[in-house]
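Single-structure report; data block below.
Each chain gets a letter, A, B and so on, in the order its sequence line appears, and its residues count up from 1. Keep in mind that what you see is a predicted model, and the values were worked out from it rather than measured.
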Protein chains: 4
Amino acid sequence: MNKKEAILSSALTLLTETGVHNTPMSAIAKAAGTGMGTIYNYFPHKDILINEIYVSIKEKEKSIFLAFDASKPVKTQFENYFTAIITFFVENPIYFKFMEQLQASPIITEESRNKGEESVVSVVKLLANGQKERIIKDIELDEILVFIGGAIMSYLRWHFNQTETKSSSLQNQINMTWDAIKE
Amino acid sequence: MNKKEAILSSALTLLTETGVHNTPMSAIAKAAGTGMGTIYNYFPHKDILINEIYVSIKEKEKSIFLAFDASKPVKTQFENYFTAIITFFVENPIYFKFMEQLQASPIITEESRNKGEESVVSVVKLLANGQKERIIKDIELDEILVFIGGAIMSYLRWHFNQTETKSSSLQNQINMTWDAIKE
Amino acid sequence: MNKKEAILSSALTLLTETGVHNTPMSAIAKAAGTGMGTIYNYFPHKDILINEIYVSIKEKEKSIFLAFDASKPVKTQFENYFTAIITFFVENPIYFKFMEQLQASPIITEESRNKGEESVVSVVKLLANGQKERIIKDIELDEILVFIGGAIMSYLRWHFNQTETKSSSLQNQINMTWDAIKE
Amino acid sequence: MNKKEAILSSALTLLTETGVHNTPMSAIAKAAGTGMGTIYNYFPHKDILINEIYVSIKEKEKSIFLAFDASKPVKTQFENYFTAIITFFVENPIYFKFMEQLQASPIITEESRNKGEESVVSVVKLLANGQKERIIKDIELDEILVFIGGAIMSYLRWHFNQTETKSSSLQNQINMTWDAIKE
DNA sequence: AATGAATGAGACTTCATTCAT
DNA sequence: GATGAATGAAGTCTCATTCAT
């Protein structure tokens with residue numbers, strides 16, 4: 001079995017369950033079925049372990065957006081994108097919990113954040129396209145991106161707080177977000 | 001001199017500057033010009049201190065929304081609200097930094113969160129009104145609220161990351177958010 | 001009301017209930033209905049307060065033995081003594097709990113112990129008498145005294161551990177102790 | 001080298017020398033030649049460390065009584081027992097000091113006490129035998145046991161207070177105790 | 001005399017990290 | 001490479017004592 005994977009996986013579970021500062025490295029080692037020294041063979045220290053988890057989730061996020069169908073209308077592509085990312089996190093609540101807790105944390109380095117931004121490259125292209133076609137509002141892309149990001153995270157936060165989610169809610173969210181950014 | 005205020009104030013500064021987990025109680029005591037024991041006279045735990053700061057910011061937030069002018073159009077009221085809350089945090093960056101770091105943290109108790117939600121009561125009323133007049137989309141209030149909250153927080157995050165903010169950006173954000181929620 | 005008495009009384013209760021090291025001075029002050037400073041007016045520090053309680057109990061103990069009837073047989077006087085002291089502690093369990101916990105503690109000073117020993121003066125006389133009459137074993141008085149003391153304390157310990165005490169047990173204890181020391 | 005043993009041993013010395021509440025864990029660590037963390041690897045709390053010492057002494061006590069010679073008269077066996085336990089503590093004054101200080105302390109848990117009581121099983125048997133043969137008074141065994149325990153502890157307390165012990169004193173004590181319990 | 005907020009030394013305890021095996 | 005016992009710096013929190021009111 002791949003020790004490194006086991007460590008990353010156990011760490012993710014524990015960090016989100018108990019919080020970063022209630023998760024000793026010893027607990028991660030135990031859960032991963034390794035010795036504590038082994039963790040330090042792969043990750044020079046705790047922060048690096050956490051950053052690697054962060055980057056790995058961003059990487060998985062990215063892989064979802066690889067296949068936009070450029071022949072489809074911008075709105076369709078956007079809906080697909082929005083649905084895909086929401087679905088990704090809904091199906092992996094643990095990724096969301098991790099991101100929510102660590103997004104704003106000083107533990108995540110500038111470098112990790114930069115790597116993370118690669119995951120939105122294709123979305124940027126889509127929006128730029130939309131602007132060229134005068135479908136998307138003529139606002140700085142950064143600002144729009146951040147707006148969409150906010151819509152995604154807050155929806156997910158709301159989603160995981162509900163005991164029973166209406167199927168219509170995602171469509172509502174897509175509508176709101178699209179209305180927000182469309183010309 | 002009010003020791004409790006001094007402690008809350010120093011704690012707020014340090015917690016946001018150095019991060020929750022790099023701020024020992026001893027540092028807070030020193031900055032507040034008190035002994036460590038004094039802090040524990042007022043706040044039985046570090047967590048309680050943090051929660052009190054959280055609630056106190058929410059309280060200040062609330063005081064801003066007291067005076068909506070119900071005679072004005074819903075859109076005007078909404079714009080005023082949005083501008084007011086953004087202005088509040090832009091003028092108090094430290095409050096934003098604190099909220100950003102702790103919003104999703106397990107340190108903040110259910111009780112504190114509930115108290116915090118009182119601050120949006122008037123906004124809920126405004127939105128409900130807007131729905132009755134068919135100006136606001138007919139979507140569950142909770143979902144709209146969360147959407148607006150996401151727009152606010154992500155805008156602020158973006159704002160504080162810029163080196164130079166264009167004056168138009170706030171208006172852009174208001175437009176996007178209004179377009180998102182209007183019928 | 002006598003503040004000093006209130007402090008001594010509250011301290012006794014709390015010290016026995018929660019243990020010496022789980023009883024802060026602040027708790028004693030609160031229970032006594034005084035400020036913490038007031039305690040320090042009467043007792044320069046915590047240890048002195050505890051020692052005063054020790055001595056005061058010993059004093060009460062002593063007052064019980066004042067009235068031996070020297071005209072009665074030694075055995076009768078001894079039985080009376082033994083019954084009296086046991087009764088004293090059985091009726092004041094809190095005194096016993098205090099003594100049990102602090103008897104061997106380094107907190108109790110040599111001086112307090114010496115004062116405490118005054119309470120056995122009359123017993124010493126009784127035993128000396130008994131030896132002269134060849135009723136009591138010819139063993140150093142100290143050793144006999146300590147033996148009797150052990151019998152008393154261990155009986156009390158046993159007594160307070162029982163849920164239901166047989167009325168015969170005290171008589172048994174008297175018999176054993178008398179048989180032990182009689183010629 | 002066995003760290004755990006070193007810790008237990010250093011702790012025993014310091015606890016009895018300086019008293020439970022004047023012995024910080026750091027001092028124990030230092031004396032044991034370990035880091036403080038090492039102590040907590042073996043003993044989750046200070047209290048647990050103390051309880052383990054308690055139990056370990058009781059265990060040693062027990063091992064002394066394993067070899068009663070049932071063919072000898074009850075009185076002989078009793079004298080042997082009494083002499084053995086006194087000798088045990090006289091030769092290990094530190095064990096006595098520890099027991100004296102902690103016997104009645106709320107630090108010692110019910111569980112530890114129960115374990116400790118195993119050490120008297122063989123004495124109980126001896127006494128029961130004695131009662132069957134009508135050599136020992138027909139009093140509840142518990143009460144007799146507690147009486148003997150008191151005789152032992154008080155004798156030892158006296159013993160360690162003397163500057164010079166007469167060799168006859170132990171015999172006196174045995175006589176007193178035997179006279180007390182014999183029919 | 002009475003008060004109790006303030007103090008800070010020092011207690012207990014945790015846990016990231018090392019290193020000998 | 002894998003291990004986990006050992007480490008000790010650093011954290012949170014307690015509480016005896018003081019002193020200005």
Show me the protein contacts with nucleotides 19-21 of chain E, counting only N or O atoms at under 3.5 Å.
none

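Salt bridge status for D:K4 with D:E52: present, with a side-chain N to carboxylate O gap under 4.0 Å.
Residues in residues 2-43 of chain A take part in these ring-ring contact (aromatic ring centres under 6.0 Å, His included) pairs, two or more places apart or across chains: A:H21-B:H21.
The side chain of A:K3 lies closest to F:dT3 when the candidates are E:dA9, F:dT3, E:dA6.
Looking at residues two or more places apart in sequence or on another chain, you find a side-chain contact (heavy atoms from CB on, under 4.5 Å) between B:T16 and B:L12, B:I94, B:K97, B:F98. Checked against ring-ring contact (aromatic ring centres under 6.0 Å, His included), B:F89 has no partners two or more places apart in sequence or in another chain. Not a single salt bridge (charged side-chain N to carboxylate O under 4.0 Å, His left out) links C:R113 to another residue, sequence neighbours left out. Every residue two or more places apart in sequence or in another chain that forms a ring-ring contact (aromatic ring centres under 6.0 Å, His included) with A:Y95 is listed here: A:F88. In this structure D:P44 satisfies the side-chain contact (heavy atoms from CB on, under 4.5 Å) test together with D:I48, sequence neighbours excluded. Under the side-chain contact (heavy atoms from CB on, under 4.5 Å) criterion, C:Q101 pairs with C:V20, D:P106, not counting sequence neighbours.
Among the duplex regions that DNA chain F forms, those built from at least three successive Watson-Crick or G-U pairs under 3.5 Å are E:2-21 with F:2-21, ordered by first number.
A sub-4.0 Å separation between OP1 or OP2 of E:dT7 and a side-chain N or O of B:T38 is present.
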